[in-house]
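Structure record follows, encoded as structure tokens.
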Amino acid sequence: QVQLVESGGGLVQAGDSLRLSCAASGRSFSSYFMGWFRQAPGKEREFVAGIKWSGTGKLYADSVKARFTISRDSAKNTLYLQLNSANPEDTAVYYCAASSSLSYSYYTQSRWYDYWGQGTQVTVSS
């Protein structure tokens, strides 16, 4: 059974940093592209960042490119998202996802992801 389990969310103040984790299990993700999405209340789910499980091919949304860093530890089967200089607009539920698609043009679209975690809430106060 494939599982993606996010953790690390919480309440932080503007300007603070936070690291989200996603523990992956149940299959090999060596050929997958791993993504982070977020969904704020009343808004659509949006792509935040992604990375090939090999560690290459990082992709970021323009809104977070200078502040967030995606990485993975293959030995721990864990994906990370480092949030720096958080601002209230980053408040959302953050989801980890895995895509078997081979096309970079698909990775920013949630419908191309095969597996999803349950999400972790990040709240940034001003």
With heavy-atom distances below 4.5 Å as the criterion, would you say the side chains of Gln3 and Tyr115 are in contact? no

Considering only heavy atoms from C-beta outward, does the side chain of Ser17 approach that of Gln82 to under 4.5 Å? yes

Would you check if there is a donor-acceptor pair between the side chains of Thr91 and Glu89 at a distance under 3.5 Å? no

Under a plain distance cut-off of 3.5 Å, with no hydrogens placed, do Ser101 and Ser103 share a side-chain donor-acceptor pair? no

Which pair of heavy atoms, one from [X] and one from [Y], lies closest together, and at what distance?
X      : Y      : value
Tyr60  : Phe47  : C-CE2, 4.2 Å
Arg67  : Ala86  : NH1-CA, 3.9 Å
Tyr107 : Leu59  : CB-CD2, 4.0 Å
Pro88  : Ser125 : CG-C, 4.5 Å
Gly35  : Leu79  : O-CD2, 4.2 Å
Asp90  : Val124 : CB-CG2, 4.2 Å

Nearest-0.5 Å distance that lies between atom [atom1] in [X] and atom [atom2] in [Y]:
X     : Y     : atom1 : atom2 : value
Ser63 : Glu46 : OG    : CD    : 5.5 Å
Leu81 : Ser71 : CG    : OG    : 8.5 Å
Asp16 : Ser85 : CG    : OG    : 9.5 Å
Met34 : Ser54 : CE    : OG    : 12.0 Å

State whether the side chain of [X] and the backbone N or O of [Y] hold a donor-acceptor pair below 3.5 Å, judged by distance alone.
X      : Y      : result
Asp114 : Ser100 : yes
Trp36  : Tyr80  : yes
Glu6   : Cys96  : yes
Asn77  : Ala24  : yes
Lys58  : Gly50  : no
Glu44  : Ala40  : no
Ser30  : Ser28  : no

In this structure, would Val93 and Val64 fall into the same cluster of hydrophobic residues linked by side-chain contacts under 4.5 Å? no

Could you walk me through whether Ser74 and Trp53 satisfy the side-chain contact (heavy atoms from CB on, under 4.5 Å) test, starting with their C-alpha distance in whole Å, then the side-chain angles of each, then the deciding distance to 0.1 Å, before giving a yes or no? CA-CA 7 Å; Ser74 57; Trp53 193 255; 4.0 Å; yes

Is there a ring pair (Phe, Tyr, Trp, His ring centres under 6.0 Å) between Phe33 and Tyr104? Walk through the geometry before answering. CA-CA 9 Å; Phe33 188 87; Tyr104 262 89; 5.7 Å; yes

What pairs with Tyr94 under side chain to side chain donor-acceptor pair (under 3.5 Å), at least two apart in sequence or on another chain? Arg38

Ring centroids only, cut at 6.0 angstrom: are Tyr95 and Phe37 within range, meaning strictly under it? no

Could you list the residues that satisfy salt bridge (Lys or Arg N to Asp or Glu O under 4.0 Å) with Arg19, not counting sequence neighbours? none

Intermediate values then yes/no, side chain to side chain donor-acceptor pair (under 3.5 Å), Thr78 and Asp73: CA-CA 5 Å; Thr78 301; Asp73 185 331; over 6 Å; no

Parallel, tilted or perpendicular: ring planes of Tyr113 versus Trp116, cut at 30 and 60 degrees: tilted

